[in-house]
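Notes follow the structure.
Only this structure's heavy atoms are used, side chains among them; waters, hydrogens and symmetry mates stay out.
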Amino acid sequence: MADHDPPVAKVEVSGTAKVTGRPSRRRKGRRGKAKASASSQSSPQPSGTKAKGKARTKGSATKPEAAKAPRVEKTAAPPAQAPTQPVRPVSSMAAPSMAVPVGQPGGQGSGRQAYAAIDLGTNNCRLLIARPSGENFTVIDAFSRVVRLGEGIAQSGRLSDAAMERTLAALRVCADKLMRRNVYLARSVATEACRRATNGPEFIERVREETGIHLDIISAREEARLAVLGCHVLLEDGFGPAMIFDIGGGSTELVLIESTGTVPRILDWQSVPWGVVSLTESCGPEGTTQAERLERYRHMHSLVAESFSAFSKRVGPARESASQEGPLRLLGTSGTVTTLASLHLELPQYDRRMVDGLIVPAESMRGISTRLSSMAIEERRELNCIGRERADLVVAGCAILEAILDLWPAARLGVADRGIREGILRSLIASHSPGPATGIRNMTDTIRNAVHAR
């Protein structure tokens with residue numbers, strides 16, 4: 001599927017939105033081994049949701065901010081302008097290849113307009129609603145639910161009835177939020193599960209009929225572009241080549257970029273059909289002994305490493321060049337890296353403010369991965385920030401992460417609790433806001449052109 005302008009939704013709204021969310025804070029990770037308590041069961045909160053609890057560090061306790069405030073993301077988009085005429089319901093969505101203007105620019109209260117992004121992945125359904133705020137955007141609502149849409153695809157090649165029902169339930173929540181918030185434009189995308197499933201298009205049509213949400217099944221290269229747009233601002237400062245990756249449920253994207261001031265340039269990219277769900281299902285049961293679990297983990301690692309081999313050879317010169325200019329820079333966005341970062345910090349439960357923007361020693365992430373790969377699933381369920389929802393999938397994520405660390409052996413790993421949704425929001429705001437949004441538009445065009453050239 002070729003890249004294209006995003007489809008947009010015209011949405012009826014009513015009432016006044018209540019501001020929710022919290023600001024993200026960038027923190028440096030501490031060195032040392034991670035310890036995970038078996039006394040608490042707590043799953044990571046999805047990106048953009050409220051999180052409670054305090055992070056523990058050796059010798060001191062770091063207290064997160066207690067006050068409630070909107071979450072502000074780094075971006076470069078001007079405030080959008082309010083439409084001057086009523087807008088149609090969410091069901092009147094544009095064709096996937098079209099961007100439809102809504103109303104006329106101008107008018108009072110332009111800061112109240114909101115943009116929305118839905119990312120339907122193989123494992124999660126995520127929604128983010130935000131308003132432009134000067135050079136940034138402020139998140140006013142968010143939703144995330146584990147739906148496991150891709151469950152069973154490795155065996156059947158189809159979306160199962162149970163998985164589709166779980167996903168529809170989550171999308172109905174999203175549709176309700178779109179109608180209750182002052183949403184101006186929305187884009188909704190589906191990724192690997194719907195790309196791979198033979199009944200993916202049928203499901204997309206069913207979603208449109210039952211919820212009014214028009215999902216666009218995007219290509220792997222569009223997925224890579226959006227991930228870079230959404231999280232590259234968290235990459236450590238420096239120039240020269242750097243690697244950004246996104247470990248999903250059904251695929252993993254790796255993007256080699258070059259920092260050029262505010263606008264990253266994509267040098268190369270790769271998408272492989274291994275995500276935490278697809279790899280877990282393809283490698284069968286864990287086994288009952290530690291030896292069987294470790295053998296399965298080695299098999300997972302070898303499968304992923306083999307799929308990365310051609311890309312690894314291509315980026316070899318860039319890897320050498322980057323190492324001569326300074327430390328290798330690596331940034332990851334996924335539930336895997338945020339979960340492992342939480343274990344590194346010994347958080348009693350997931351706290352996005354402590355994780356998003358964190359820099360963690362790569363050896364700590366390797367150590368946690370090794371430890372988790374040898375544990376029985378019952379033990380992993382008892383660990384802080386893993387819980388029942390991630391206990392069976394986190395090992396596959398660890399294998400993918402270690403293969404990436406082998407490919408791009410950075411000493412430090414940046415952690416992003418943001419990605420495709422934020423990339424969609426940046427694209428929407430840049431494309432549909434009147435006035436000069438030169439920085440974000442140039443960044444979007446540069447990334448799109450580089451991906452097409454690949």
Side-chain angles (χ1 to χ4, degrees), residues 120-125 146-164 166-167 190-200 203 217 219-220 223-224 227 245-254 269-312 332-337 339-340 366 369-370 372-378 380-381 386 388-407:
L120 177 59
T122 303
N123 196 46
N124 290 277
C125 176
V146 174
V147 294
R148 298 208 178 191
L149 178 60
E151 186 176 60
I153 285 183
Q155 291 75 33
S156 68
R158 295 176 57 83
L159 303 174
S160 70
D161 291 340
M164 288 189 288
R166 290 194 299 266
T167 304
T191 57
E192 184 67 13
C194 291
R195 285 197 296 262
R196 185 182 301 184
T198 57
N199 59 340
F203 177 65
I217 304 179
S219 64
E223 187 175 355
F245 66 89
D246 180 4
I247 301 174
S251 66
T252 294
E253 283 68 46
L254 300 96
W269 71 283
Q270 182 69 53
S271 177
V272 298
W274 296 123
V276 295
V277 175
S278 57
L279 187 59
T280 297
E281 292 187 347
S282 296
C283 291
E286 295 188 6
T288 57
T289 67
Q290 185 179 84
E292 290 174 336
R293 290 190 290 271
L294 290 174
E295 178 58 31
R296 178 174 179 263
Y297 184 73
R298 284 190 289 268
H299 179 53
M300 286 180 166
H301 182 276
S302 65
L303 286 175
V304 178
E306 182 179 356
S307 69
F308 286 164
S309 60
F311 181 69
S312 181
T333 169
S334 72
T336 294
V337 293
T339 297
L340 268 59
R366 284 187 183 272
S369 297
T370 299
L372 292 176
S373 66
S374 66
M375 298 173 65
I377 189 171
E378 292 79 13
R380 295 196 300 273
R381 285 171 178 160
I386 292 183
R388 303 188 68 85
E389 285 188 339
R390 294 186 182 273
D392 60 332
L393 303 179
V394 70
V395 172
C398 291
I400 297 170
L401 176 60
E402 286 215 74
I404 293 171
L405 291 173
D406 292 342
L407 183 153

Test salt bridge (charged side-chain N to carboxylate O under 4.0 Å, His left out) applied to Glu295 - qualifying residues, sequence neighbours left out: Arg298

Donor-acceptor under 3.5 Å (Arg293 side chain, Ser374 main chain): yes

4.5 Å side-chain heavy-atom contact, Leu149 and Cys194: yes

Donor-acceptor contact below 3.5 Å, side chain Ser282 vs main chain Leu279: no

Closest heavy-atom pair and its distance - Arg381, Ala391: CG-CB, 3.4 Å

Residues which pass salt bridge (charged side-chain N to carboxylate O under 4.0 Å, His left out) with Arg148, listed by chain and number, not counting sequence neighbours: Asp392

Student check: side-chain heavy atoms of Arg380 and Arg390 closer than 4.5 Å: no

Residues Asp161, Arg166; criterion salt bridge (Lys or Arg N to Asp or Glu O under 4.0 Å); working and verdict: CA-CA 9 Å; Asp161 291 340; Arg166 290 194 299 266; over 6 Å; no

Arg196 side chain to Gly250 backbone, donor-acceptor under 3.5 Å: yes

Sidechain-backbone polar pair: Ser373 side chain, Leu294 backbone, donor-acceptor under 3.5 Å: no

Any Ile247 side-chain heavy atom under 4.5 Å of Leu401 side chain: yes

For Val304 against Ala403, the heavy-atom pair lying closest together: CG1-CB, 3.7 Å

Short side-chain to backbone donor-acceptor contact, Asp246 and Ala227, under 3.5 Å: no

Heavy-atom closest contact (Trp274 atom, Ser307 atom, distance): CD1-OG, 3.5 Å

Spatial distance of atom SG (Cys283) from atom CZ (Arg296) [nearest 0.5 Å]: 6.0 Å

Any Val277 side-chain heavy atom under 4.5 Å of Leu393 side chain: yes

Contact check, side chains of Glu192 and Ile153, non-hydrogen atoms, under 4.5 Å: no

Interatomic distance, Leu405 atom CG to Phe245 atom CZ [nearest 0.5 angstrom]: 6.5 Å

Sequence-distant partners of Glu281, salt bridge (charged side-chain N to carboxylate O under 4.0 Å, His left out), two or more places apart: none

Electrostatic pair Arg388-Glu378, nearest N-O below 4.0 angstrom: no

side-chain contact (heavy atoms from CB on, under 4.5 Å) between Leu407 and Phe311, intermediate numbers included: CA-CA 9 Å; Leu407 183 153; Phe311 181 69; 3.9 Å; yes

Min side-chain heavy-atom separation Leu120-Phe203 under 4.5 Å: yes

Euclidean distance, Thr336 OG1 relative to Leu372 CG, rounded to 0.5 Å: 10.5 Å

Whether Thr122 side chain and Gly150 backbone form a donor-acceptor pair below 3.5 Å: no

Side chain proximity check, Ser271 to Ser251, heavy atoms < 4.5 angstrom: yes

Inter-residue atom distance Glu306.CD - Ser302.OG, 0.5 Å rounding: 7.5 Å

Considering all heavy atoms, the nearest Val337-Gly332 contact: CG2-O, 3.5 Å

Validation row: Val272, Phe308 side chains within 4.5 angstrom (heavy atoms): yes

Separation between CD of Glu223 and CD of Glu253, rounded to the nearest 0.5 Å: 4.0 Å

Interatomic distance, Tyr297 atom OH to Ser369 atom OG [nearest 0.5 angstrom]: 4.5 Å

Neighbour count above 12 (heavy atom, 6.0 Å) for Glu292 CD: yes

Side-chain donor/acceptor of Arg158 to backbone N/O of Ala197, under 3.5 Å: no

